[in-house]
There are 2 protein chains.
Amino acid sequence: MSRRSGILEFAVLGLLRESPMHGYELRKRLNTSLGIFRAFSYGTLYPCLKTLVASGWLIEEPAGDPADTAPVTGRSTASSSSLTGRRAKIVYRLTAEGKEHFEELLSHTGPDAWEDEHFAARFAFFGQTERDVRMRVLEGRRSRLEERLEKMRASLARTRERLDDYTLELQRHGMESVEREVRWLNELIESERSGRDRRRSSPEGSAQQDTPGETGGLPRHRDNTPPDPSDDTAK
Amino acid sequence: MSRRSGILEFAVLGLLRESPMHGYELRKRLNTSLGIFRAFSYGTLYPCLKTLVASGWLIEEPAGDPADTAPVTGRSTASSSSLTGRRAKIVYRLTAEGKEHFEELLSHTGPDAWEDEHFAARFAFFGQTERDVRMRVLEGRRSRLEERLEKMRASLARTRERLDDYTLELQRHGMESVEREVRWLNELIESERSGRDRRRSSPEGSAQQDTPGETGGLPRHRDNTPPDPSDDTAK
DNA sequence: AATTTCATGTAATTCGTTACATGATTCC
DNA sequence: GGAATCATGTAACGAATTACATGAAATT
């Protein structure tokens, strides 16, 4: 019964904290906006939503009314009054308990939080995370990666002679990737240390752009934006 | 029943092709030597081995100390001298059919072969792969990644304004990782195209061509698979 | 003698997908 | 009016893990 996915649950709560949504949209956000998350299927998402409702963290609201979303062009559907109403587009909204629970998840840094996908999920909601927690997560992740590097180096030293060039190259590239992420984390940690606190954005996201003063905030990287209004998600 | 993991099966076959092993050691090789593979647990590995045996691709041989061929039920005397009784350490050996099957898997480039873990597994056995297949895999992987990049760019362009700095940074780092892998693939492809494989950080210059007749650029492929043991004790 | 490491397995559980159903709305 | 997309769900299956159980060999 309990489809407690951990990361899915966390991500859903986090997204709904920003604004209520229905399942279909939620899934798109999971796939595209958060970029990192692998595509969860409906078979995963909907049951998960149900358990979250059962836990009291979400409530379902019927929302057939297109008042909230853009009523694009004329030619409207005939009758607005719906006795046999439109099929309920269920919008999920975070309850107070849900909010509290999410808050708790945010501040809880278990040893799971350093793993690949877990870490990405945590990071994606850093905007709503306290600074000291952010620090713990970043440093935890870093030492997790350093452990991994240690093992890779040891293994490489042990087996170097017996492996063919391709296997060696694969390991080399893998190690370089990890090293690269460590450097990235170093930058982030440094940036957290020297920068001033980054706000916990309210659910109504006030996208206040930080001053490019360079004494705080995230490290600035080059920005490549091709104007490309392409169609969206994978299938 | 059919614990057909795909990548686990492939990796097991590939490792056993190099030399027979028992499960415990196999698992270690899976985790450390191949570096990339995530750690499969015994609960996954042993059942998998059984299905491979049932398929006729592997045979189990009792092994232990050289002289001893005692069956599993043996476990007698265990007395003084060098006559033994190790608990049946089951060594798995590739059958001729298994070899054939692995060969087939190697040359079969389905659209699965471009995915992350699948690709890593394929690459790990490039030493035993024909050059044109290597090319297909590398190029397939590259275009897979380029697709992914396209989507990320598009998604980023669409949502840039609404995302906070951390989410943006996460996406940026993710994209850079993908771009980096594309560059890596470009190098590899170039290297394949121009014949000999020469990459940095490989202490062995090691240009030795031991594949007769074809595909000039094969890195050293050591084939220490013993000749077919003509035994019909296979299950 | 006791502990660790090697070695093999099984049962229950977790996490997630595919394929299947259904229906409403919008685009052409 | 037909296709595509939006929208919600369920049942069956798949892949892999964890926890459990066992036992032999090497190390201390």
Side-chain angles (χ1 to χ4, degrees), chain A residues 1-11 21-28 30-31 37-51 53 60 62-66 69-80 82 84-92 112 115 117-118 231-235, chain B residues 1-12 21-28 30-31 37-51 53 60 62-65 68 70 72-78 82 84-92 112 115 117-118:
Chain A
M1 296 307 178
S2 53
R3 275 286 197 268
R4 287 284 151 77
S5 162
I7 116 150
L8 178 55
E9 179 180 313
F10 180 76
M21 259 177 281
H22 55 267
Y24 193 83
E25 194 183 346
L26 209 36
R27 187 198 179 228
K28 281 206 301 191
L30 244 30
N31 298 339
F37 299 150
R38 67 177 169 315
F40 287 101
S41 64
Y42 297 121
T44 311
L45 178 58
Y46 284 116
C48 172
L49 285 171
K50 290 213 159 168
T51 75
V53 168
E60 303 178 342
D65 217 11
T69 49
V72 205
T73 52
R75 206 275 209 114
S76 65
T77 54
S79 63
S80 56
S82 52
T84 62
R86 28 165 98 247
R87 152 118 126 165
K89 214 160 114 173
I90 302 173
V91 168
Y92 294 90
D112 334 328
E115 296 309 316
E117 296 204 311
H118 230 75
D231 202 313
D232 73 347
T233 70
K235 56 168 307 171
Chain B
M1 303 302 182
S2 52
R3 274 289 196 265
R4 286 285 152 77
S5 161
I7 117 151
L8 178 55
E9 179 180 312
F10 180 75
V12 164
M21 258 177 281
H22 55 267
Y24 192 84
E25 194 184 346
L26 208 37
R27 187 196 179 231
K28 283 204 303 191
L30 244 30
N31 299 338
F37 298 152
R38 65 179 170 316
F40 287 100
S41 64
Y42 297 120
T44 311
L45 179 58
Y46 284 116
C48 173
L49 285 170
K50 290 212 158 168
T51 74
V53 169
E60 302 180 340
D65 286 351
D68 188 67
V72 187
T73 53
R75 198 205 135 224
S76 51
T77 55
S82 53
T84 42
R86 282 175 177 265
R87 139 122 123 170
K89 222 158 104 168
I90 302 175
V91 168
Y92 293 90
D112 331 329
E115 296 309 316
E117 297 204 311
H118 230 75

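Order of the sequence lines sets the chain letters (A, B, ...), proteins ahead of strands, with each chain counted from 1.
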Looking at C:dT8, D:dA7, D:dT17, which one has an atom nearest to any side-chain atom of B:T44?
-> D:dT17
Please report, rounded to the nearest Å, how far the P atom of C:dT5 is from the NZ atom of B:K89.
-> 17 Å
So, do A:L49 and A:L26 sit near enough that their side-chain heavy atoms are less than 4.5 Å apart?
-> yes
Per A:P47 side chain, nearest of listed nucleotides D:dT8, D:dT10, D:dT17 | D:dT10
Nearest-Å distance, CG (B:L49) to C1' (C:dT10)?
-> 15 Å
Nearest heavy-atom contact between A:D112 and A:H118 is O-CB, 3.4 Å
Would you name the heavy atoms of B:P47 and B:Y42 that are closest together and state the gap between them?
-> CD-O, 3.6 Å
Rounded to whole angstroms, how far apart are CG on A:N31 and P on D:dC6?
-> 13 Å
Over how many whole Å does the gap from A:E115 atom CD to D:dT17 atom P extend?
-> 13 Å
Tell me: OH of A:Y24 to P of D:dT5, nearest whole Å?
-> 9 Å
Please report, rounded to the nearest Å, how far the C1' atom of D:dT18 is from the CZ atom of B:R27.
-> 12 Å
Using the closest heavy atom to pick a nucleotide of DNA chain C for each, name whichever of B:E25 or B:K50 lands nearer the 5' end.
-> B:E25
Could you state the CD1-P distance from A:I90 to C:dA24, rounded to the nearest angstrom?
-> 14 Å
Protein-nucleotide distance (B:E60, atom CD; C:dA7, atom P), rounded to Å = 16 Å
Say you draw a straight line from CG of A:L30 to CZ of A:F40; how long is it, rounded to the nearest 0.5 Å?
-> 6.0 Å
Would you indicate, yes or no, if C:dT17 has its OP1 or OP2 atom less than 4.0 angstrom from a side-chain nitrogen or oxygen of A:S41?
-> yes
Quick one: does A:M21's side chain get under 4.5 Å of A:Y92's, heavy atoms only?
-> no
Using a cut-off of less than 4.0 Å, is there contact between a side-chain N or O of B:Y42 and OP1 or OP2 of C:dT8?
-> no
Which nucleotide in C:dG16, C:dT8, D:dA7 has an atom nearest any side-chain atom of B:Y46 = C:dT8
Closest contact, heavy atoms only, B:E60 versus B:V53 | CG-CG2, 3.8 Å
Between B:L45 and B:R27 the two heavy atoms that sit nearest each other are CD2-CB, 3.7 Å
Axis-to-axis angle across the helix from C:dA1-D:dT28 to C:dC28-D:dG1, five pairs each end, nearest 10 degrees, ~ 30°
